[in-house]
Amino acid sequence: MKYWLMKSEPDVFSIDTLKTKKISGWDGVRNYQARNYMRDDMNIGDLILFYHSSCEVPGVAGLARVRKTSHPDPSQFDAKSEYFDPKATQQTPRWFMVEVEFVEKFDHVITLATIKNEKVLANMPLVQKGSRLSINPVTEKEYKTIIALKG
DNA sequence: GCCAACGTTGGC
DNA sequence: GCCAACGTTGGC
């Protein structure tokens, strides 16, 4: 089993949205490296740190779990979607997504500032300058450290 | 294949 | 809103 951190703008899709929906496809990823993580490396049962980005208090807001391995992201075929990709076809889809399920919403967001204060977490891509990939692998040690911070 | 221009991310 | 960093596009 692996661990991941996945970013989402809470204005668009938050831990509360997932809590309500319970299950959701992680659609809209349009970055090849992030796509490759979903397509090639994510397995059922992998745990996901659900990170809120581009908001007042950026940080890990809760947990999700991979429920279904990758399949084509339907939004790439939808001309009305902001994620539409005219170069993608049903025969040769370009974008893939996994399906995730809600696990937990933390009582308090584990803020980026808190994460930056933890020496053990200094190697996370999240805190590297210029790193903006929306999906990143997390080591077991990092995962456990973050979980311990939720109090 | 190079690279300039442009677009996006995301913290601050 | 600013801006650094990075990714993508497209002409050549």
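In what follows, every chain begins at residue 1, and chains take the letters A, B, ... in the order their sequences are listed.
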Subject >> Atom pair distance, as rounded to whole Å: CD in Gln128(A) and P in dG10(B) >> reply: 15 Å
**OP:** Decide, yes or no, whether a salt bridge links Lys2(A) with Glu140(A) under the criterion of side-chain N to carboxylate O below 4.0 Å.
**Re:** no
Original post:
OP1 or OP2 of dG11(B) less than 4.0 angstrom from a side-chain nitrogen or oxygen of Lys7(A), does that happen here?
Top reply: no
**OP:** Would you kindly compare Gln33(A) and Lys87(A) by the position of their nearest DNA chain C nucleotide and give the one closer to the 5′ end?
**Re:** Gln33(A)
Subject >> Nearest-nucleotide pick for Leu112(A), side chain only, options being dG10(B), dG7(C), dG11(B) >> reply: dG11(B)
**OP:** Quickly work out the Glu9(A) CD to dT9(B) C1' distance and round it to whole Å.
**Re:** 8 Å
**OP:** Let me know the distance between CD of Glu56(A) and C1' of dG10(B), rounded to the nearest Å.
**Re:** 15 Å
**OP:** Let me know the distance between CG of Leu126(A) and P of dA5(C), rounded to the nearest Å.
**Re:** 17 Å
**OP:** Indicate the ring-plane relationship of Phe13(A) and Phe50(A), choosing parallel, tilted or perpendicular according to the 30° and 60° boundaries.
**Re:** parallel
**OP:** Please tell me which of the listed nucleotides, dG11(B), dT8(C), dA5(C), lies nearest to the side chain of Tyr32(A)?
**Re:** dT8(C)
**OP:** Let me know the distance between CG of Asp85(A) and P of dG7(B), rounded to the nearest Å.
**Re:** 17 Å
Original post:
Using a cut-off of less than 4.0 Å, is there contact between a side-chain N or O of Tyr51(A) and OP1 or OP2 of dG11(B)?
Top reply: yes
**OP:** For Met6(A) and dG10(B), give me the distance from atom CE to atom P, rounded to whole Å.
**Re:** 13 Å
**OP:** Find the distance Leu133(A):CG to dT8(B):P and express it as a whole number of Å.
**Re:** 17 Å
Original post:
Looking at His71(A), Arg39(A), Met38(A), which one forms a side chain to side chain contact (heavy atoms under 4.5 Å, CB included) with Val98(A)?
Top reply: Met38(A)
Original post:
Is the side chain of Arg94(A) donor-acceptor paired with the backbone N or O of Arg30(A) at a distance under 3.5 Å, no angle test?
Top reply: no
Subject >> Salt-bridge criterion met for Lys105(A) and Asp16(A) (N-O under 4.0 Å) >> reply: yes
**OP:** Verify the contact: side-chain N or O of Lys129(A) to OP1 or OP2 of dA4(C), cut-off strictly under 4.0 Å; return yes or no.
**Re:** no
Original post:
What integer distance in Å separates Asp11(A):CG from dG11(B):P?
Top reply: 13 Å
